[in-house]
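Below: the structure, in structure tokens.
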Amino acid sequence: MFWRFGGYANISTIDTLLEKPDVTLEELLDESDLIQELKSHNTKLIEFLREDAALEKLLEYVVAPKLEPVVSDDDDEHENKDKEKSKDKEKSVSASGPRIASEDEVAENEKKRNRYAYVAAEILSSDSWSLSAALLENQPLLRKFWDFLKLPAPLDPLQASYFTKVNEALLDKKTEEMLDLFKSLDNVVQNMLQHVDSPMVMDLLLKIISLEKAEGGQGIVDVRILTYFEIVPSN
């Protein structure tokens, strides 16, 4: 058969996209074979993803908040006045001012948010040492990522799970560097303990505590953590 002799060559969709000078991260995230290409150590893909702009967006997608429709005062007024009117009349009124997105649009955007969060977490927690190294080299991005814990409780459970997944993967591959980062974060203990009701955040905290005996982990067990878990008595 002629294809055995090079009649056809399998061209990756990802490689085709990366040939575009204006390719966006979102175009790649929409591709179903992105994770597989990453696992196959697609060099061109990894080089794109480890750029600062791409890493920043990936981290943002991991902890992106749930989309909430924003309703303006005009929208509220129209909704109250037009509630009993016919659909045609309602459309004519809504056309006179800004309106919120339809339920279908909100649902579609939320679906996309969830997909991007999932894929971003898979990318950042992958076994690519090159991506992990790029993340640890960009301390400002990681510090901003950890600001997720400054949000008031309760955290979005899905986003908390992705946040933990990425950080646990980094702790496994770059233990000493991540512990140094953890020690340097202001009020990180208080920020974590305010989310004691989040199982994923507590899993991350317990993993960090378990690294006390790891290289570079000395002193990571803050007395406030020990007191909370009743390992030492409080004053």
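This chain uses plain numbering: 1 for the first residue, then up along the sequence. Predicted model only: the values in this text are computed from it and were never measured.
By the 6.0 Å contact criterion, NZ on K112 is open, its count of non-hydrogen atoms from other residues, nucleotides or ligands being 12 or less. For F48, the CZ atom sits in a packed shell: over 12 heavy atoms of surrounding residues, nucleotides or ligands are nearer than 6.0 Å.
D203 meets the side chain to side chain donor-acceptor pair (under 3.5 Å) test with no other residue; sequence neighbours excluded. In terms of the side chain to side chain donor-acceptor pair (under 3.5 Å) criterion, N114 has no residue partners (sequence neighbours excluded). Take D147 and apply the salt bridge (Lys or Arg N to Asp or Glu O under 4.0 Å) test, not counting sequence neighbours, and it matches K150. For D127, the side chain to side chain contact (heavy atoms under 4.5 Å, CB included) criterion is met by H41, not counting sequence neighbours. Applying the side chain to side chain contact (heavy atoms under 4.5 Å, CB included) rule to V63 yields the partners F145, F148, F163; only residues at least two apart in sequence or on another chain are considered. Listed by chain and number, the residues in a side chain to side chain donor-acceptor pair (under 3.5 Å) with E122 are K165 (sequence neighbours excluded). Shown here are the side chain to side chain contact (heavy atoms under 4.5 Å, CB included) partners of S128, two or more places apart in sequence or in another chain: I46, S126, S130, L131. With sequence neighbours excluded, the residues that form a side chain to side chain contact (heavy atoms under 4.5 Å, CB included) with T164 are E168, M200, L204. Applying the salt bridge (Lys or Arg N to Asp or Glu O under 4.0 Å) rule to K57 yields the partners E26; only residues at least two apart in sequence or on another chain are considered. With sequence neighbours excluded, no residue forms a salt bridge (Lys or Arg N to Asp or Glu O under 4.0 Å) with K111. With sequence neighbours excluded, the residues satisfying side chain to side chain donor-acceptor pair (under 3.5 Å) with T24 are E27.
Between E110 and R113 there is a salt bridge, since at least one side-chain N of the basic residue sits less than 4.0 Å from a carboxylate O of the acidic one.
Of all the heavy atoms in I14 and E37, the pair that sits closest is CG1-CG, 3.6 Å. Closest approach of A121 and S125 over heavy atoms only: O-OG, 2.6 Å.
Atom CG of N191 is separated from atom CG of L185 by 8.5 Å, given to the nearest 0.5 angstrom.
Checked by atom type and distance alone, the side chain of R115 pairs as donor or acceptor with a backbone atom of L29 at under 3.5 Å.
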Distance-only donor-acceptor pairs under 3.5 Å for side chains of residues 134-141, two or more places apart:
from	atom 1	to	atom 2	distance (Å)
N138	OD1	L141	N	3.4
N138	ND2	D52	OD1	3.1
Q139	NE2	L136	O	2.9

